[in-house]
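Each ligand, and each atom within it, is numbered from 1 in the order the structure gives. Predicted, not measured: the structure shown is a model, and the values here were computed from it. Just the heavy atoms: all of them, side chains too, but no hydrogens, waters or symmetry mates, feed the values below.
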Amino acid sequence: MNNSGKEKALNLNTNDKLYLQSNAFKAPPSPKQPFFIGVAGGTASGKTTVCNLINSQLHDQRIVLINQDSFYHSLSDEILQKVNDYNFDHPDAFDIELMLSSMEKLKHGQTASIPNYNINTRKRIEPPRQVHPADIVVLEGILVLHDSRVRDLLNMKIFVDEDSDIRLTRRIQRLAIEHGRNIQNVLDQYCRFVKPSFEDFVLPTKKFADIIIPGGGDNDVAIDLIIQNIRTKLGQHDLCKIYPNIFVIFSTFQIKGMHTLIRDVGTTKHDFVFYSDRLIRLVVEHGLGHLPFTEKQVTTPTGSVYSGVIFCSRLCGVSVIRSGESMENALRACCKGIKIGKILILGQGTDGRQLIYEKLPSDIASRHVLLLDPVLATGSSAVKAISLLLKKGVLESNIIFLNLIAAPQGINAVCERFPMMKLVTSEIDATLNESSRVIPGLGEFGDRYFATDD
Ligand SMILES: O=P(O)(O)OC[C@H]1O[C@H](OP(=O)(O)OP(=O)(O)O)[C@H](O)[C@@H]1O
Ligand SMILES: O=c1cc[nH]c(=O)[nH]1
């Protein structure tokens, strides 16, 4: 889409309906903390549709949706007797302290107990919902932008704006027609509480929003732009912004779970191998996605034409002995009959690594090379291995380095020196310790994989 199209969708003009306000999105404070999105707006404005679209379009991310309704106070039997006089649209109807503490827990990577509120009995029911930390937390509700402490925790604040007649019509449809509530009650409640509270408490929060979406969930273009923005904010480790040649595979709960297992010192050898193999397979598949392809049409058994692609065939693998050899099976499983060369580099640290042995396909210069090594620490071995490939005539842009965990120091060493090479990894770790071990890391990969540790 060109810029004028984007401007039309976002109406980047402050006089128009949907615009980016000056309080532009806050970047997540650290890659480990979830990205919090608050979606506010009047009753029946389309908030849930917006949240569901964000959820479905970011299905490859670990995402949780939390509704502000969960934090409604349980009503006592006394109040329930006069429930028609109760204002469910007033900020005091919500347990904001509990909402805030739950968000803080999630922000700090802890599990939060979110109340299960029953909208019919107007009481909380046990047990609460256990919400685990995720990459993205979407908090939806009429007043999620009302409390400044909650606003401060949000990385992106969205206000869904819809015409009040449309909102009223939807509310009648929802409560009176779908839920069988008395239409007069619905209208009375709207006039006594919903409309005045919208004007007094909900509408004034629009000014805090980074994005205002007119037409709610029907505004496909605005949703697409929001998704693109979230992906940019989320997916990128700071190093990915510096080096465009790093590709970190998208994390999911499955991937995080496998990392949790292989990093755990108590994991058995059998499980370490099993889960490393699963992760390696994902990295290999992702890496193959960076190879060139040519378009091809085939005829399917239904006689129809399918427009597809064929993979590049001039490939080879090169494993860095010995940990890199753990990645050979996955490569063979994906690329039938692939040639795999070997490089042995020995020694420790940034200066001490020496090339000891190499055996590479004689025509390697004309191939794309998938370099295999699960751990990138100081980068010393990788620099030696890549330098050898270049000496053999391999084009730097034809090298894809496949890796499980990478330390920032190794990334700097490799990506700065070889900007045309691609590095595909599954996680970027925090740092190295004084012995050049990756932190938090997973210990000695080779020893754990090949069971040579004590
Ligand atoms: O980035 P660097 O500081 O060079 O460290 C990374 C190297 O360390 C590991 O091998 P290791 O020396 O542990 O040998 P192994 O594979 O035989 O266990 C890993 O497989 C890399 O080859
Ligand atoms: O932490 C580290 C560093 C190098 N090699 C490993 O296997 N682990």
ring-ring contact (aromatic ring centres under 6.0 Å, His included) partner of Phe94, chosen from Phe71, Phe88, Tyr72: Tyr72
Ligand 2 atoms in contact with Phe445 (distance to a heavy atom under 4.0 Å): 6 (C), 7 (O)
Any Gly443 heavy atom less than 4.0 Å to ligand 2: yes
Val375 neighbourhood, listing ligand 2 atoms whose heavy-atom distance to it stays under 4.0 Å: 2 (C), 3 (C), 4 (C), 5 (N), 6 (C), 7 (O), 8 (N)
Smallest separation among heavy atoms of Pro34 and Val137, with atom names: CB-CG2, 4.0 Å
Ring-ring centroid check Phe445 Phe272, cutoff 6.0 Å: yes
Closest heavy-atom pair and its distance - Thr111, Lys105: O-CD, 3.6 Å
Nitrogen or oxygen of Ser323 less than 3.5 angstrom from that of ligand 1: yes
Selected option - heavy-atom contact closest to atom 4 (C) of ligand 2, from Arg448, Arg437, Glu444, Arg322: Arg437
Sub-3.5 Å N/O-N/O distance, Ala377 and ligand 2: no
Region of Ser323 engaging ligand 2 - heavy atom pairs below 4.0 Å: neither
Neighbour count >12 (heavy atoms, 6.0 Å) for atom CD, Glu104: yes
Distance filter under 4.0 Å to Gly446 heavy atoms, resulting ligand 1 atoms: 18 (O)
Polar atom proximity, Val320 to ligand 1 (N or O, under 3.5 Å): no
Residue Asp373 vicinity, atoms of ligand 1 by number, heavy atom under 4.0 Å: 19 (C), 20 (O), 21 (C), 22 (O)
Thr378 contact mode with ligand 1 (heavy-atom cut-off under 4.0 Å): both
More than 12 heavy atoms of other groups within 6.0 Å of Phe253 CZ: yes
Distance filter under 4.0 Å to Ser436 heavy atoms, resulting ligand 2 atoms: 3 (C)
Residue and atom name of the nearest protein heavy atom (relative to atom 1 (O) of ligand 2), distance in Å to one decimal: Val438 N, 2.8 Å
Aromatic ring pairing His290/Phe247, orientation class (parallel under 30°, perpendicular over 60°, tilted between): tilted
Ligand 1 contacted by Ser436 (non-hydrogen, < 4.0 Å): no
Neighbour count above 12 (heavy atom, 6.0 Å) for Lys296 NZ: no
Gap separating the OG1 atom of Thr48 from the CG atom of Leu65, nearest 0.5 angstrom: 9.5 Å
Nitrogen or oxygen of Gly379 less than 3.5 angstrom from that of ligand 1: yes
Within 6.0 Å of NZ in Lys123, more than 12 heavy atoms from elsewhere: yes
Nearest option to atom 8 (O) of ligand 1, as decided by whichever heavy atom of Met327, Glu444, Arg437, Arg353 sits closest: Arg353
